[in-house]
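Chain letters run A, B, ... following the sequence lines, proteins first, then strands; residues in each count from 1.
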Amino acid sequence: MTEQELSNPPTDPDTHTDDPLLDDLTPPQREAVTHVDGPMLVIAGPGSGKTRVITRRVAHLVTRVGIPPWQVLAITFTNKAAGEMHQRTAELVTERQARALTVCTFHSLCARILRQYAERLGLPPGYSIYDTSDQKRAIKQALNDLEINTKNFPPGGVLSSISNAKNELIDAEAYAELAGDFYSRTIAKIYTKYTQILDRNNALDFDDLLLKTVSLLREHPDVLKELQDRYQYVMIDEYQDTNHAQFMIANALAGRHKNLCATGDPDQSIYGWRGANIKNILDFESHNPDAKVVRLEQNYRSTKCILALADALIKNNAKRKHKDLWTDNDRGEPVQTVTCRDERHEANWVVEEFRRLHDDDNLPWGQMAVFYRINSLSRVMEDALRDAGIPYQIARGTAFYERAEIKNAVAYLRCVVNPADEVSLMRIINTPTRGISDKTVKAMQAYALANNVQIDTLLGDPLKLTVVNTRAQTALAKFGKLLDTWRHAAGFGTEETTVVDDPITSLSLRGFVEDMLRQSGLEDACRNDKSDPDHERLANLGELVSSAQQFEQDFELELELDGGDHTPSLSEKLLAFLERISLVSDVDAVDPDQGAVTLMTLHAAKGLEYPTVAMIGVEDGLLPHERANADQQELEEERRLCFVGVTRAMKKLYLTHARYRTVFGQSNVTIPSRFFREMPEDCITEIDACDDDTGELADSLSQRSLAGREAMLYPSGSLVRHPQFGLGRVIDIHPTGSHTRARIAFNTSGTKTLILQYARLERVE
DNA sequence: AGGTTCGAGTTTTTT
DNA sequence: ACTCGAACCT
């Protein structure tokens with residue numbers, strides 16, 4: 001469900017044109033769409049047709065004004081949003097034009113630019129992109145090297161201090177100069193060390209992608225000019241959530257031709273905690289005195305009730321520019337605020353209500369969504385939905401890549417591509433166990449530090465490690481050989497054997513990943529893992545192979561469509577695959593056509609819309625979150641978060657809270673959110689679900705049907721289709737833990753155990 | 001060397 | 001309640 005999919009602003013007869021790109025737009029929308037040169041700010045309230053305006057403007061620039069499509073750059077907040085925007089623009093222009101557009105996130109744009117200009121920055125091409133857990137490992141390493149206690153400086157906290165500094169473009173040196181107190185002086189030391197570790201590992205963290213791009217643009221005027229001329233029309237969506245580094249990049253790119261179009265809504269700024277600066281959008285006009293400003297205030301999405309509630313809520317923010325939110329839509333039903341006993345009751349109440357909507361009102365599952373402030377609330381909701389046999393999906397695209405077995409597999413791939421990546425190497429050097437002990441590893445690190453060599457050189461020459469015994473040396477050498485074999489196969493030759501891999505004879509990406517999983521012993525380790533009798537982990541590795549294959553196909557198709565006769569080599573495909581894996585976001589996993597109830601955090605819900613929305617856990621301490629209670633600014637951000645959630649709903653909205661909530665296995669009394677008191681009574685129906693016993697009934701019902709109505713969707717013997725493995729027949733299916741596994745005999749690929757949540761199975765009748 | 005147990009910290013939100 | 005790491009045992 002994307003913005004504006006279901007809404008159609010009425011035609012205004014006075015300003016009718018014959019241009020199909022324009023004639024169904026309101027005057028302000030049209031004003032924004034037809035603006036060509038010079039800066040423009042579009043302040044777009046929720047559901048005001050912002051996405052429509054952006055896609056139409058791109059189409060207008062390309063097909064009416066005659067701007068070459070490759071000069072247009074559109075930056076979105078997630079890959080998912082980029083994909084959708086690209087898709088919707090493609091419907092308005094030719095296929096060739098659509099392909100020439102650049103639509104992506106800041107991070108993937110930066111990764112692309114950095115790869116292109118790597119040698120100008122002295123950046124070796126196989127650089128790793130570290131995610132939060134890799135970053136934490138690097139921080140721990142830094143703390144260890146500096147002999148600082150992790151008790152006083154928890155890696156997470158240190159990381160966020162460093163991240164905040166990076167987002168403000170403050171490097172370690174500058175940080176040290178600013179540091180006054182003991183805490184910041186220590187952070188400065190860790191920051192310096194952390195930077196050294198990343199450099200040594202040839203790794204960038206998320207912030208570095210932006211940071212390095214800023215320095216590239218600053219220090220290489222010729223590169224800047226090249227990029228400015230390449231991207232003459234720059235559009236940034238969700239401008240209220242840009243941080244300082246992103247602001248610098250946007251303004252540097254648009255600095256020459258001045259065609260910067262920013263769209264967003266200050267009331268939906270919800271990423272302040274990660275360095276987003278709401279001032280970027282508020283001060284747009286003073287940064288660009290000649291800017292055209294368009295305000296889109298009419299809402300086409302929600303009922304009057306929902307919008308009135310949202311408006312009343314957001315008016316409580318003191319630091320806010322006034323906006324008139326209005327709609328011609330029906331008044332609709334009142335918003336229901338529901339009091340439940342505990343989180344289980346709450347989940348069951350929502351499930352019962354959703355089932356009623358589905359069965360009685362014929363509302364498809366895909367048009368319902370559940371939002372929550374923190375991820376941990378998804379658990380109960382999931383259990384209730386699964387027990388009720390209702391199909392659901394969770395917007396956690398990164399969850400798959402956070403699994404230990406997948407992280408290990410990815411670490412192997414990174415080590416192949418980037419020999420300097422010590423964080424990844426340490427992860428896998430003895431996983432699965434191969435006779436390399438902690439002691440041996442410590443000795444390696446000590447030697448590498450003392451002799452200032454890259455740690456992986458020791459794998460080629462373990463005899464240097466005189467302190468470890470022969471057995472360990474042999475194990476190291478063997479492991480080194482294995483890595484070398486893969487590097488060779490993938491086309492990352494060692495210096496003297498720079499292998500130009502021949503795309504005809506070289507392995508496919510899928511084949512490479514499969515070989516690596518087998519030869520590394522990861523596959524066998526999962527197969528023999530007694531703690532995982534259902535081979536869930538093995539199935540996950542299988543999913544990684546499919547995703548590699550899927551990526552390979554898409555990547556080759558993309559290049560083919562680009563017109564070049566260039567067939568990508570295995571090494572190119574591997575680099576691109578790793579980059580993709582690093583930059584997936586949670587909402588990227590949401591498939592609106594899947595016909596399933598969607599669960600996500602309020603942050604992930606930004607930019608989406610659903611006919612029916614339930615927001616759960618609307619309690620003080622959760623929304624607003626307790627960590628934001630003290631600070632007025634943060635409280636206002638929590639209110640904006642609530643505003644974002646409420647304004648996603650088109651027709652029906654439920655706000656639920658539980659009297660007791662179990663945290664860490666302890667049941668605690670809760671207080672309803674203070675935001676309830678800010679909502680107008682005439683928009684609300686209060687329901688006390690504790691009065692009736694539907695919840696209790698649901699409790700007992702769900703217990704009985706626990707063995708899974710989900711399994712009924714794919715009964716044994718039914719014919720299914722898998723995107724990679726093709727047609728197959730279900731042998732058996734069981735719900736286990738948080739997943740449902742199915743054994744499926746495929747016609748061409750043999751029998752595989754798949755997890756329904758990851759395998760995109762399709763029932764074939 | 002490798003597996004097991006016990007304790008601590010964990011949960012805010014994410015590219 | 002659950003996961004991760006460190007000490008401890010085989």
Qualifying residues under ring-ring contact (aromatic ring centres under 6.0 Å, His included), relative to A:Phe371, sequence neighbours excluded: none
Sidechain-backbone polar pair: A:Thr76 side chain, A:Thr78 backbone, donor-acceptor under 3.5 Å: yes
B:dT15 phosphate, OP1 or OP2, under 4.0 Å from A:His107 side-chain N/O: no
Atom-pair distance (CZ on A:Arg639; P on B:dT12), nearest Å: 21 Å
What donor-acceptor contacts under 3.5 angstrom involve side-chain atoms of residues 439-447 of chain A, with partners at least two apart or in another chain?
from	atom 1	to	atom 2	distance (Å)
A:Thr440	OG1	A:Ser437	OG	3.0

Length of the line joining A:Ile581:CD1 and B:dT15:P, which is rounded to integer Å: 16 Å
5' precedence on DNA chain B between A:Asp207 and A:Glu626 (nearest-nucleotide basis): A:Glu626
Within residues 271-279 of chain A: residues closer than 4.0 Å to DNA chain B (heavy atoms): A:Tyr271, A:Trp273, A:Arg274
Shortest side-chain distance from A:Arg373, nucleotide among B:dT15, C:dG5, B:dT13: B:dT13
Salt-bridge criterion met for A:Glu346 and A:Arg661 (N-O under 4.0 Å): yes
Between B:dT14 (C1') and A:Leu159 (CG): distance, integer Å: 12 Å
Proximal nucleotide (of B:dA1, B:dT15, B:dT11) relative to the A:Arg471 side chain: B:dA1
Residues which pass side-chain contact (heavy atoms from CB on, under 4.5 Å) with A:Ile406, listed by chain and number, not counting sequence neighbours: A:Phe400, A:Tyr401, A:Arg403, A:Val410, A:Asn540, A:Leu541, A:Leu544
Earlier contact from the 5' end, DNA chain B, for A:Ser582 and A:Gly435: A:Gly435
Got a list of protein N/O to nucleotides 3-10 of chain B N/O distances below 3.5 Å?
none

Qualifying residues under side-chain contact (heavy atoms from CB on, under 4.5 Å), relative to A:Gln632, sequence neighbours excluded: A:Leu635, A:Glu636
Out of B:dT12, B:dT15, B:dA1, whichever nucleotide has its closest atom nearest the side chain of A:Thr132: B:dT15
Nearest listed nucleotide, side chain of A:His625, among B:dT13, B:dT12, B:dT15: B:dT12
Partners passing ring-ring contact (aromatic ring centres under 6.0 Å, His included) against A:His603 (at least two apart in sequence or in another chain): A:Tyr271, A:Trp273
Nearest-Å distance for atom pair NZ/P, residues A:Lys80 and B:dT14: 16 Å
Short side-chain donor-acceptor distance under 3.5 Å, A:Asn243 and A:Asn277: no
Distance below 4.0 Å between A:Thr662 side-chain N/O and C:dA1 OP1 or OP2: no
Length of the line joining A:Phe371:CZ and B:dT13:C1', which is rounded to integer Å: 15 Å
Sequence-distant partners of A:Phe153, ring-ring contact (aromatic ring centres under 6.0 Å, His included), two or more places apart: A:Tyr183
Distance between C1' atoms of C:dC4 and B:dT13 (Å, rounded): 23 Å
Residues forming a ring-ring contact (aromatic ring centres under 6.0 Å, His included) with A:Phe643, sequence neighbours excluded: none
A:Asn375 side chain near B:dT14 phosphate (N/O to OP1/OP2, under 4.0 Å): yes
Between P of B:dT15 and CZ of A:Arg580, the distance in whole Å: 14 Å
Phosphate contact (B:dG2 OP1 or OP2) by A:Asn430 side-chain N/O below 4.0 Å: yes
Separation of B:dT15 C1' from A:Asp237 CG (nearest whole Å): 15 Å
Distance, rounded to the nearest Å, where A:Arg661 contributes CZ and C:dA1 contributes P: 16 Å
